[in-house]
There are 2 protein chains.
Amino acid sequence: MINYTDILREHNLKATPQRLAITNELYTKGHVSIESLYELMVKKFNSISLATIYKNINLMQKNSFIQEVKIPQAKSVYELTKASHSHLACTKCLGVEDITIDLNVIIDTITKTSSFKIDSANLVVSGICKNCQRS
Amino acid sequence: MINYTDILREHNLKATPQRLAITNELYTKGHVSIESLYELMVKKFNSISLATIYKNINLMQKNSFIQEVKIPQAKSVYELTKASHSHLACTKCLGVEDITIDLNVIIDTITKTSSFKIDSANLVVSGICKNCQRS
DNA sequence: TATTAAATGATAAAAATTATCATTTGAATT
DNA sequence: AATTCAAATGATAATTTTTATCATTTAATA
Ligand SMILES: [Mn+2]
Ligand SMILES: [Mn+2]
Ligand SMILES: [Zn+2]
Ligand SMILES: [Zn+2]
């Protein structure tokens with residue numbers, strides 16, 4: 001269990017209980033949607049406002065503290081920003097897993113064959129996760 | 001200029017003027033957002049309903065006639081379904097270009113190293129397009 | 001041309017997101 | 001420890017986005 005107090009402050013964000021709870025949830029769950037994050041927070045705070053969730057998600061995104069992951073045919077999930085990686089999205093349980101794949105070959109190919117100046121590459125692979133395959 | 005009348009009917013969709021206009025717009029523009037599609041349609045039909053846009057987009061998506069492309073930090077665009085391909089998204093002009101990249105090596109790698117059963121892979125590369133680089 | 005299921009347009013309703021603002025609070029300062 | 005104050009929260013209104021409803025129209029078939 002990481003303490004995000006200092007890390008929040010480094011991003012010029014006050015370490016409020018709500019933010020610490022949000023970051024902890026993102027840390028433990030990995031990838032969380034807005035609605036499930038809100039449900040989780042309501043359990044911890046008798047009266048957290050949905051606006052607080054949105055305001056923090058947006059603010060932390062601006063500060064590159066967290067990132068949105070857009071999944072085809074499903075709701076977005078959010079995660080703590082970490083080293084660049086790709087995602088496996090299960091179409092059955094809607095779970096999202098991290099996977100580290102070297103996309104440099106692809107990036108190089110695009111750079112050589114097009115005039116596009118690449119900033120980042122986002123890969124989402126959809127399918128059935130290990131757990132959902134048996135059933 | 002392709003005539004989509006028969007293609008729509010093959011998908012069990014009536015070839016209404018609105019649908020023909022939508023498909024033509026997707027064909028000529030390539031990738032269009034809901035709001036710009038609506039603006040374009042309003043020019044052609046004095047009183048097309050936004051609901052008609054949504055209903056058609058959703059229906060045609062179910063029939064795999066068109067597809068949604070989710071772009072990081074930007075609104076989704078829609079395109080006519082065609083051979084699997086990836087996308088270059090310009091963060092400046094918000095334009096989206098097609099690019100054909102062989103993702104089989106990556107898919108094979110994932111298949112070998114994980115227990116994930118892959119259905120599809122979606123790659124969106126963000127950066128600055130050729131046009132936007134000069135300015 | 002008549003028939004009919006499907007599509008459209010108008011609009012209400014619902015869902016998602018943002019804005020506003022009085023109150024509270026974290027963190028720095030004394 | 002008490003004071004200060006910008007920032008954050010919560011309540012809620014407003015806005016935006018998307019879906020539902022339904023009377024009317026229309027594409028397709030006969
Ligand atoms: Mn991730
Ligand atoms: Mn495309
Ligand atoms: Zn699963
Ligand atoms: Zn551009």
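Below, chains carry the letters A, B, ... as their sequence lines are ordered, and counting in each starts from 1.
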Fill in the blank from the handout: Apart from A:Leu94 itself, members of its ILVMFWY cluster (side-chain separation under 4.5 Å) are none
Handout entry: B:Arg134 and B:Asn131: CA distance, side-chain angles, deciding distance, side-chain hydrogen bond (donor to acceptor under 3.5 Å, both in side chains) verdict
Key = CA-CA 6 Å; B:Arg134 43 178 187 84; B:Asn131 241 322; 2.6 Å; yes
Problem - Residues in contact with DNA chain D, drawn from residues 4-26 of chain B - heavy-atom cutoff 4.0 Å - result: B:Arg9, B:Lys14, B:Ala15, B:Pro17
Handout entry: Sub-4.0 Å heavy-atom contacts from residues 40-55 of chain B onto DNA chain D, ordered by number
Key = B:Leu50, B:Ala51, B:Tyr54, B:Lys55
Practice task
State whether the side chain of B:Thr81 and the backbone N or O of B:Ser64 hold a donor-acceptor pair below 3.5 Å, judged by distance alone.
Solution key: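 A pair under 3.5 Å: yes.
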Handout entry: N/O donor-acceptor pair under 3.5 Å between A:Lys70 side chain and B:Ile71 backbone
Key =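 Between the backbone of B:Ile71 and the side chain of A:Lys70 there is a qualifying donor-acceptor contact (under 3.5 Å).
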Exercise for the section: Starting from P on D:dT19, measure out to CG on B:Leu59 and report it in whole angstrom. Expected result: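 Distance check: B:Leu59 CG to D:dT19 P gives 12 Å.
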Pairs under 3.5 angstrom only: tabulate donor-acceptor contacts from the side chains of residues 98-108 of chain B to other protein residues two or more places apart or in another chain.
unit_1: B:Asp98; atom_1: OD1; unit_2: B:His31; atom_2: NE2; d: 2.8
unit_1: B:Asp98; atom_1: OD1; unit_2: B:His85; atom_2: NE2; d: 2.9
unit_1: B:Asp98; atom_1: OD1; unit_2: B:His87; atom_2: NE2; d: 3.2
unit_1: B:Asp98; atom_1: OD2; unit_2: B:Lys82; atom_2: NZ; d: 2.5
unit_1: B:Asp102; atom_1: OD1; unit_2: B:Asn104; atom_2: N; d: 3.0
unit_1: B:Asp102; atom_1: OD1; unit_2: B:Asn104; atom_2: ND2; d: 2.9

Exercise for the section: Please examine the side chains of B:Tyr78 and B:Val32, heavy atoms only from C-beta on, and report whether any two atoms are closer than 4.5 Å. Expected result: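 No; the side chains remain at least 4.5 Å from each other.
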Exercise for the section: Determine whether B:Gln18 and B:Met41 make a side-chain contact, defined as any pair of heavy atoms from C-beta on separated by less than 4.5 Å. Expected result: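 B:Gln18 does not reach B:Met41 side chain to side chain.
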Could you tabulate the donor-acceptor pairs under 3.5 Å formed by side-chain atoms of residues 48-60 of chain B, not counting sequence neighbours?
unit_1: B:Ser49; atom_1: OG; unit_2: B:Ala51; atom_2: N; d: 3.2
unit_1: B:Asn56; atom_1: OD1; unit_2: B:Arg19; atom_2: NE; d: 2.7
unit_1: B:Asn56; atom_1: OD1; unit_2: B:Arg19; atom_2: NH2; d: 3.2
unit_1: B:Asn56; atom_1: ND2; unit_2: B:Thr52; atom_2: O; d: 3.1
unit_1: B:Asn58; atom_1: ND2; unit_2: B:Tyr54; atom_2: O; d: 3.3

Exercise for the section: Check step by step if side-chain contact (heavy atoms from CB on, under 4.5 Å) holds for A:Phe65 and A:Leu80. Expected result: CA-CA 6 Å; A:Phe65 187 66; A:Leu80 296 173; 4.1 Å; yes
Practice task
Using the heavy-atom set of chain B and a strict 4.0 Å cut-off, write down the first and last nucleotide of DNA chain C that makes it in, 5' to 3'.
Solution key: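 Boundary nucleotides touching chain B, in 5' to 3' order, are C:dA5 to C:dT11.
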Exercise for the section: Determine whether more than 12 heavy atoms belonging to other residues, nucleotides or ligands lie under 6.0 Å from atom CZ of A:Phe45. Expected result: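 Enclosed.
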